[in-house]
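Reviewing the structure listed below.
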2 protein chains.
Amino acid sequence: MKPTLRAVAEAVGVSRSTVSNAYGRPDQLSPQLRQRILDTARQMGYPGPDPTARSLRRGFVGAIGVLFTSRLSYAFTDPFAVRFLTGVAEAAERHESSLLLVPLPGEPAGARKAVENAAVDGFCVYCAGDEEGILDTIRGRGLPFVTTSARPREGDRWVGIDERAAARSVAEHLTGLGHRRVALLGHDVLPDAPTGPLRVTDVADVPHPTTRDRLAGFADAFAAAGIRWPELTVLTAPDNTRVAGAAAVRKLPAGVEPPTAVLACSDVLALGALEVLRGAGQDPRPVSVTGFDDIAEAAPAGLTTVRQSGEDKGRSAAALLLDPPPDATTRQILLPTTLVVRTSSGPVPRS
Amino acid sequence: MKPTLRAVAEAVGVSRSTVSNAYGRPDQLSPQLRQRILDTARQMGYPGPDPTARSLRRGFVGAIGVLFTSRLSYAFTDPFAVRFLTGVAEAAERHESSLLLVPLPGEPAGARKAVENAAVDGFCVYCAGDEEGILDTIRGRGLPFVTTSARPREGDRWVGIDERAAARSVAEHLTGLGHRRVALLGHDVLPDAPTGPLRVTDVADVPHPTTRDRLAGFADAFAAAGIRWPELTVLTAPDNTRVAGAAAVRKLPAGVEPPTAVLACSDVLALGALEVLRGAGQDPRPVSVTGFDDIAEAAPAGLTTVRQSGEDKGRSAAALLLDPPPDATTRQILLPTTLVVRTSSGPVPRS
DNA sequence: TTGAAAGCGATACCAG
DNA sequence: CTGGTATCGCTTTCAA
């Protein structure tokens with residue numbers, strides 16, 4: 001058994017408070033006494049104040065929780081999520097704060113428990129599917145949090161982009177190039193839908209908030225070009241991965257009237273789509289493909305996409321948590337996006 | 001102020017233990033009573049047992065610490081480190097354990113404090129530069145840990161590869177192709193050395209353990225081919241990044257007798273080297289380049305390298321921590337490596 | 001089943 | 001500068 005602060009106090013012959021001060025408030029006792037305490041502590045093998053006990057007493061932990069909707073191990077697979085984490089980590093480093101990554105089980109009840117049991121001072125919630133349930137649990141604990149994806153409530157801290165406008169911008173790029181017959185590609189478009197084309201009556205039905213906003217943005221542009229929602233093909237992928245994107249595109253009905261462009265809700269999906277559409281080369285007419293995020297792999301692949309900075313998002317989120325601006329108005333940060341046109345998009349080929 | 005368990009107990013008119021049981025041991029009280037307790041708790045806005053207090057009392061936290069040598073935010077930049085984390089996360093998910101990522105400041109004293117203050121049940125230490133200092137601190141706390149890089153002490157839990165043999169295998173591939181005049185490329189080859197060629201009298205002087213072992217493996221192969229250490233050029237990079245690798249290679253003495261091959265200690269460095277050596281194309285003779293790790297970017301770049309699985313490493317490390325095998329002999333896991341030959345290496349061009 | 005009592009290990013106020 | 005005292009919020013025997 002490791003010795004406790006109490007044991008050290010007894011060994012040195014001083015009170016517990018004095019030993020505590022020797023560690024936490026050097027200015028509260030004479031240097032000699034402090035040294036004597038530290039020395040005997042070392043000798044006895046006392047590892048210093050127990051972090052858990054200290055947290056309990058002090059009322060704060062020194063760690064912020066990071067919550068990902070999907071399985072935690074998946075998050076590391078998503079390049080954009082990793083950049084977000086990088087940003088969070090940078091801010092945390094500056095504040096000497098640790099990051100607690102909490103794996104959320106699939107079922108809401110389990111997720112709830114996980115959030116309740118996390119020993120943290122606040123949360124960064126990254127794009128949670130069941131975001132509201134999770135946020136409610138956090139609110140229940142009375143802890144501060146920052147969201148990134150869903151539209152926030154008044155007063156909630158939030159950092160994000162104008163998803164819909166950004167999505168509209170790529171789509172307008174395509175309508176400008178003459179594209180009219182297109183397929184939209186997103187993940188979790190409808191609950192439990194099989195990979196492939198889908199009939200979506202109303203964009204509002206899409207459960208995943210980011211997918212919903214981006215699809216809506218795409219639709220805005222096409223509506224402006226005279227194409228209504230039912231005329232758009234919607235492809236769904238089971239998750240946000242390259243292979244899922246590839247699989248979804250393979251399910252495009254063969255033969256008649258293939259789309260001239262695929263608009264994906266993420267670069268990862270778009271890269272999967274590109275693989276399929278450029279790979280076999282079955283169709284001689286190249287199909288335009290666009291993505292979203294501008295991850296590192298987008299540039300070498302020549303992918304036209306919308307750029308947003310994952311690092312900035314993470315950094316801002318953590319900063320909002322760690323030293324919130326006093327005025328509530330600046331607690332919602334809207335980050336910029338840019339349309340990046342590369343070679344994966346071009347004019348509609350002449351038939 | 002949030003209500004406490006005590007308040008709930010008083011409100012319901014039962015003892016604190018009973019309320020505690022309602023949460024933690026449902027079988028210890030009648031379902032009706034339990035429900036009554038849970039209901040009033042909800043009504044009062046009691047968020048459930050405080051995680052910190054619970055940890056203190058129970059003596060365990062439900063989180064494992066992950067320690068990276070370099071700045072935490074850099075770790076996310078290193079593809080291999082991210083794969084390692086993915087593996088750790090997978091294992092953690094299975095055990096419903098959280099991951100505490102602890103940023104370590106540069107100075108040893110700060111790092112020590114960070115490790116002392118982390119509320120965790122154990123540590124996964126990924127390739128720490130000042131590994132011994134950190135491990136000593138962990139030992140001081142009496143917490144279990146798993147290392148990945150340095151050669152472990154008897155009885156320490158460890159997971160890794162045979163760095164030296166693996167490095168030797170790529171180098172032998174090159175000597176087999178006839179390469180004799182080569183440059184080795186690693187990061188942190190000597191403390192505070194400027195980017196570029198370096199005089200290293202003895203491999204044992206290299207401070208970074210992984211770099212040291214890999215360089216030694218390279219040297220083994222060349223020794224077998226009759227080339228002794230002083231005849232090898234050693235390039236050092238300030239850190240393990242693409243740009244650092246590129247910069248180091250640019251410092252190769254121009255003109256006479258350029259190397260016919262560059263052996264890098266990591267894919268990241270190798271990819272940087274490739275950029276420079278293939279990029280401008282100043283030298284008409286292609287220089288062979290090899291890496292180490294086989295990260296995702298290696299294949300598309302045609303990089304010859306040594307494959308090891310970051311996920312396996314992470315998974316094994318976490319597993320060793322979370323449910324250690326009873327017999328000490330199986331507490332050190334040696335993972336396999338494979339030489340993957342691609343197009344970046346070839347025979348020595350005829351002069 | 002339920003509850004009383006004894007900590008878990010440390011900190012902070014406040015009087016000396 | 002030092003030390004007594006009262007918590008922090010919960011869990012866990014153990015006896016009723």
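All values derive from a computational prediction rather than experimental measurement. As a basis for the values below, the full set of heavy atoms in this structure was taken, side chains included, without hydrogen atoms, waters or symmetry mates. Quick note on labels: first sequence line is chain A, next is B, and so on, each numbered from 1.
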Nucleotides bounding contact with chain A, strand DNA chain D, heavy-atom threshold 4.0 Å
D:dC1 to D:dG9

Which residues pass the side-chain contact (heavy atoms from CB on, under 4.5 Å) test with B:Arg112, not counting sequence neighbours?
B:Glu116, B:Thr137

Those residues that, when tested against A:Asp27, pass side-chain contact (heavy atoms from CB on, under 4.5 Å) (two or more places apart)
A:Arg25

Residue whose closest nucleotide on DNA chain C lies nearer the 5' end, B:Arg58 versus B:Thr18:
B:Thr18

For B:Ser17 and A:Pro3, take the nucleotide of DNA chain C holding the closest heavy atom to each; which residue's nucleotide lies nearer the 5' end?
B:Ser17

Numerically ordered, the residues 29-42 of chain A set in heavy-atom contact under 4.0 Å with DNA chain C is none

Contact list please: residues 46-56 of chain A against DNA chain C, heavy atoms, distance less than 4.0 Å, in numerical order.
A:Tyr46, A:Gly48, A:Pro49, A:Asp50, A:Ala53, A:Arg54, A:Leu56

Residues passing the salt bridge (charged side-chain N to carboxylate O under 4.0 Å, His left out) test with A:Asp136, sequence neighbours excluded, are A:Arg139, A:Arg153

For B:Glu10, give me all partners under salt bridge (charged side-chain N to carboxylate O under 4.0 Å, His left out), at least two apart in sequence or on another chain.
B:Arg6

Does any pair with a residue in [range] pass ring-ring contact (aromatic ring centres under 6.0 Å, His included), and if so which ones, sequence neighbours excluded?
range: residues 7-59 of chain A; result: A:Tyr23-A:Tyr46
range: residues 130-155 of chain B; result: none
range: residues 86-112 of chain A; result: none

Donor-acceptor pair between [X] and [Y] side chains, under 3.5 angstrom:
X: B:Ser15; Y: B:Thr18; answer: yes
X: A:Gln43; Y: A:Asp39; answer: no
X: B:Glu93; Y: A:Ser73; answer: yes

Tell me whether B:Asn117 contacts the main-chain N or O of B:Lys113 through its side chain, where contact means a donor paired with an acceptor under 3.5 Å.
yes

Would you say B:Arg34's side chain and B:Ala22's backbone share a donor-acceptor pair under 3.5 angstrom?
yes

Note: chain A reaches DNA chain C at heavy-atom distances under 4.0 Å over the stretch, first to last nt, 5' to 3', of C:dG9 to C:dA12

What's the separation between atom CZ in A:Phe76 and atom CZ in B:Arg83, rounded to the nearest 0.5 Å?
13.5 Å

Side-chain heavy-atom pair A:Phe80, A:Lys313 within 4.5 angstrom cut-off:
yes

Need one value for B:Val19: base, sugar-phosphate or nothing, where a base atom within 4.0 Å counts as base even if backbone is also close, heavy atoms only.
nothing

Mind listing the closest non-hydrogen atom pair of A:Leu321 and A:Gly122 along with its distance?
CD2-C, 3.9 Å

Give the angle between the helix axes at the two ends of the helix from C:dT1-D:dA16 to C:dG16-D:dC1, taking five base pairs at each end and rounding to 10°.
30°

